[in-house]
Amino acid sequence: MKHYILLGLTLLVCLSLQAQNDSTRTLKSVSIRGRSEIKMQRLSGAENGQMMGLGELKRAACCNLGESFVTNPSVDVNYSDAAVGAKQIKLLGLSGLYVQMLTENMPNLTGAATPYALNYVPGTWMRSISVSKGASSVKHGFQSITGQIDVEYLKPDEPSGLLLNLFGDSKGKAEGNIVASRRLTDKLGTEVLAHYEKDFSHLDHDGDLWHDSPSIEQIHLSNRWKYMGENYIFHGGLGFLSERREGGQILSESLATPYRVLLNNNRFDVHMKHAYIIDHGHNTNIALIATFNHFDLDGLFGAKDYLNRHNNLSTQLLFEHDFDFVHSISAGLSFKADNMDETLKGTFSSTQELVPGAYAQYTFTPTYKFTAMVGIRADYSNLYGAFATPRMHLKWMPADWVTIRGSLGKGYRVPYVLAENHFLLASGRQLNINPDLNMEEAWNTGISAAFTIPVAEKKYLKINYEEYYTNFLNQAVINYDSDPLAITIDNLDGRSYSHTIQVDATYPIVDELLEATAAFRVNDVRCTYDNQLREAPLTSRLKGLFTASWKPRMGLWQVDLTLQINGGGRMPDPYTLDDGSLSWDERFPAYPMLNAQITRNFRHYSIYIGGENLTNYRQPNPIIKATNPWSDSFEPTMIWGPMHGIMGYFGIRANLFGKDK
């Protein structure tokens, strides 16, 4: 990795000197240009959350959606296992399965694609990410339980241009991204987005003769269109993704039957939005939104073959109207269809679910200091029957420097447990799934208070406090504890809840040149296992975060530092190995993660160099019985910490022509 750092620093210095030499030339004209790069800021509506703009996304390598949350105090990202290598998020102490994923306000990346959703949104394609916490608006469905993540892409109707991003790291990964946009007329624009990545090395830092993570090769293409008329708006596009993951034991002549993990994933999606504005003055409009996704997976986990074919159709007909500045409504109809065919070791199963629904939402804003938003959904599933989803959000500003928000709502989720947790097939333990799982159902309540306190001239200390409680009525519970030779997924029998408290503060230490954020969070996540209410396994109880961003010399340089302290937690009950030792400790320890990045900005491009996990902390022995993967006690899914040590990277972002984005 030293070679990557030295090469990157040398190039940064050389280009900086060249830019300084260029600045001594005589200028015939001066053009002053500005770029609006929104950093992390609070959402302005009744819902509690944050929006991460381009400025925030560029503080880290941000190769994909999963890596964009490095500087976010609310979202945790980690690998789900040591075999598949898929990243998963946690929000409010719970799995990302309970977060509704949207792309430009359209439900996306569900079902079989869920384990890989964070890897399927390239960082260069994104304009912003909105993270709302708690039960979100009923407009987009009933699925949101702990929150909602909405990704906005760069738009087709922006000024014509060509964006290029190249990236390489010390693990042998190379990546390239292209966003080419073309403004065809004043009203019509299109763009082509391309992404390619490949791992060229097979690393084994801990010497267990297993890949530290699978080798991934992915190609992702998308074409998007947007028409913006006076009263009619169209936005549509299609995309294709092909990915191959290769992991397991490192091949050698000494292995007669190596344990291999091979996955081929292919995804096709198409979407469209039609909106007609009836009355501009009252924001009266009607819209039709439709998305279709096809995902197929061919997987091999040792001797277990798993095939999945998932088709998802989601449609919405929306109507919105503002009676005046105080009263507004939103109402609509929806229809969701899922067809999932699965084959595991030659056994075929098929699931078809049809869910028509309707919603209505009313917003009351008597003054800018108070907002109340109340909504309800009614849906009917051919598998689970009829159900209702009520939600309410309140926002109150008792003073200009304090904002208080509260939320209460219900959420539901259809559990496709094998598709969403197929990494468990890599375990040697028997996987037992109850065929009659109930629909997951939970209430979420939350309160937050945001303070903007003047400390010095033009300097404000921003403090945010929030507390959320999620209580499950039904849940698909993954039980690692009952049997050392089995993993069971069954309906909840007892209590299950998550109680999260977070405090964070942001302050510009040196005007706009140096800004720091500190955050601390406590998670109390418990579930009933075998009639005992216990701490949920593999969940960090505490998290501390400190970030600092320094922009000297009018933003030509930028230095970003992120330090995480991830608290310890409970491990599933250990079992005894053949040599008499325990498979793992009863609890995992707290550990630090330090990331840093230096960026040099030029007029049409920027160069960045950085390092991740600079503390070089790795989870010891992530794979249990690595030398005998065919045994029934082989276990590669007990992952709670990083599997990679220190990693360096280098990249370039360029706008080859057109206006800056």
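The closest donor-acceptor contact from the side chain of Arg521 to the backbone of Ile501 lies at 3.5 Å or more, if one exists at all. For Thr146 (side chain) and Tyr98 (main-chain N/O), a donor-acceptor pair under 3.5 Å exists by modelled atom type. Under a 3.5 Å cut-off, the side chain of Ser381 and the backbone N or O of Leu383 do form a donor-acceptor pair. Panel note: side chain Ser540, backbone Gly568; no donor-acceptor pair is recorded below 3.5 Å.
Once rounded to the nearest 0.5 Å, the distance linking CG of Leu91 with CD of Gln148 reads 11.0 Å. Taking CG of Asp296 as the reference point, atom CG of Leu307 lies at 9.5 Å (rounded to 0.5 Å). Expressed to the nearest 0.5 Å, how far OG1 of Thr71 lies from CG of Leu561 amounts to 11.5 Å. For the atom pair Thr615 OG1 and Leu594 CG, the distance stands at 6.5 Å (nearest 0.5 Å). For the atom pair CG of Leu577 and OG of Ser583, the computed distance is 5.5 Å after rounding to the nearest 0.5 Å. For the atom pair CD1 of Ile489 and CG of Leu424, the computed distance is 5.5 Å after rounding to the nearest 0.5 Å.
Judged purely by distance below 3.5 Å, without hydrogens or angles, the side chains of Glu440 and Asn438 never pair a donor atom with an acceptor atom. Ser242 and Asn266 share a side-chain donor-acceptor pair at under 3.5 Å. Of the N and O atoms on the side chains of Gln475 and Ser496, at least one donor lies less than 3.5 Å from an acceptor on the other residue. Side chains of Gln88 and Asn78: no donor on one and acceptor on the other come within 3.5 Å. Counted by atom type alone, Ser95 and Lys90 present zero donor-acceptor pairs between their side chains at under 3.5 Å. Using a 3.5 Å distance cut-off with no hydrogens or angles, the side chains of Asn265 and Arg245 do not pair a donor with an acceptor. Side-chain N/O atoms of Glu342 and Tyr416 include no donor and acceptor closer than 3.5 Å. Side chains of Glu466 and Asn464: a donor on one and an acceptor on the other come within 3.5 Å. Inspection of the Ser350 and Gln352 side chains reveals an N or O donor paired with an N or O acceptor under 3.5 Å. Between Thr500 and Asn523, the side chains place a donor N or O and an acceptor N or O closer than 3.5 Å (distance only, hydrogens not considered). Lys133 and Ser74 share a donor-acceptor pair across their side chains, judged by distance under 3.5 Å alone. Checked by atom type, the side-chain pair Asp490/Asn434 shows a donor-acceptor distance below 3.5 Å.
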Pair Asp338, His310 - check side-chain hydrogen bond (donor to acceptor under 3.5 Å, both in side chains), show working. CA-CA 7 Å; Asp338 284 277; His310 182 202; 2.8 Å; yes
Check step by step if salt bridge (charged side-chain N to carboxylate O under 4.0 Å, His left out) holds for Lys625 and Glu635. CA-CA 7 Å; Lys625 300 199 73 171; Glu635 187 56 86; over 6 Å; no
Where do Gln218 and Tyr120 land on the side-chain hydrogen bond (donor to acceptor under 3.5 Å, both in side chains) test, with the steps shown first? CA-CA 9 Å; Gln218 181 190 119; Tyr120 287 172; 5.6 Å; no
Steps toward ring pair (Phe, Tyr, Trp, His ring centres under 6.0 Å) verdict (Phe301, Tyr306): CA-CA 8 Å; Phe301 303 83; Tyr306 173 67; 7.1 Å; no
Verify side-chain hydrogen bond (donor to acceptor under 3.5 Å, both in side chains) between Glu441 and Tyr384, making sure each step is shown before the conclusion. CA-CA 12 Å; Glu441 178 183 0; Tyr384 300 97; over 6 Å; no
Going through the distances and angles, do Glu217 and Lys173 end up as a salt bridge (charged side-chain N to carboxylate O under 4.0 Å, His left out)? CA-CA 9 Å; Glu217 184 174 12; Lys173 175 183 175 180; over 6 Å; no
Run Gln597 and Asn595 through side-chain hydrogen bond (donor to acceptor under 3.5 Å, both in side chains) and show every step you take. CA-CA 7 Å; Gln597 178 176 285; Asn595 300 335; over 6 Å; no
Residues Arg59, Asp560; criterion salt bridge (charged side-chain N to carboxylate O under 4.0 Å, His left out); working and verdict: CA-CA 6 Å; Arg59 293 181 60 185; Asp560 292 287; 3.0 Å; yes
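Considering all non-hydrogen atoms of both residues, Gln249 and Arg260 come closest at O-NH1, 2.7 Å. In terms of heavy-atom proximity, Gly172 sits nearest to Ser201 at CA-OG, 3.7 Å. Among all heavy-atom pairs drawn from Val355 and Phe142, the shortest one is CG1-CE2, 3.9 Å. Leu92 approaches Ser498 most closely through the heavy-atom pair O-OG, 2.5 Å.
The aromatic rings of Trp210 and Tyr259 lie tilted to each other, with the angle between the two planes from 30° to 60°. Between His499 and Tyr469, the ring planes are perpendicular. Angles over 60° get that label, and only those under 30° would be called parallel. Ring-plane geometry between Trp584 and Tyr575 is classed as perpendicular, the angle between the planes exceeding 60 degrees on a 0 to 90 degree scale with a lower cut at 30.
In this structure, Leu492 and Cys527 have side chains that are in contact, with non-hydrogen atoms separated by less than 4.5 Å. Between Asp150 and Met101, the closest side-chain pair of non-hydrogen atoms is not below 4.5 Å. At least one side-chain heavy atom of Tyr480 sits under 4.5 Å from a side-chain heavy atom of Arg429. With a 4.5 Å cut-off on side-chain heavy atoms, Phe69 and Val131 count as touching.
Taking a cutoff of 4.0 Å between a charged side-chain nitrogen and a carboxylate oxygen, Lys198 and Glu175 do not qualify as a salt bridge. Between Glu353 and Lys336, at least one side-chain N (NZ, or NE/NH1/NH2) sits under 4.0 Å from a carboxylate O, which counts as a salt bridge. Electrostatic pairing of Lys171 and Glu612 does not count as a salt bridge here, judged by no charged N lying under 4.0 Å from a carboxylate O. Ionic pairing of Lys87 and Glu67 is present here: one or more N-O contacts between side-chain nitrogen and carboxylate oxygen are shorter than 4.0 angstrom.
Checked options Phe650, Tyr196, Tyr649; the residue passing with Phe167 is Tyr649 (criterion: ring pair (Phe, Tyr, Trp, His ring centres under 6.0 Å)). Partner Glu535 forms a salt bridge (Lys or Arg N to Asp or Glu O under 4.0 Å) with one of Arg541, Arg570, Arg526, Arg587 and no other, that one being Arg587. Of the residues Asp530, Asn432, Thr488, Asp573, the one that meets the side chain to side chain donor-acceptor pair (under 3.5 Å) test with Ser482 is Asp530.
Taking a 6.0 Å sphere around CG of Asp493, one finds it holds 12 or fewer heavy atoms contributed by other residues, nucleotides or ligands.
Scored by the side-chain hydrogen bond (donor to acceptor under 3.5 Å, both in side chains) test, Thr470 finds Asn444 as partners (sequence neighbours excluded). For Lys543, the side-chain hydrogen bond (donor to acceptor under 3.5 Å, both in side chains) test picks out Asp76, with sequence neighbours left out.
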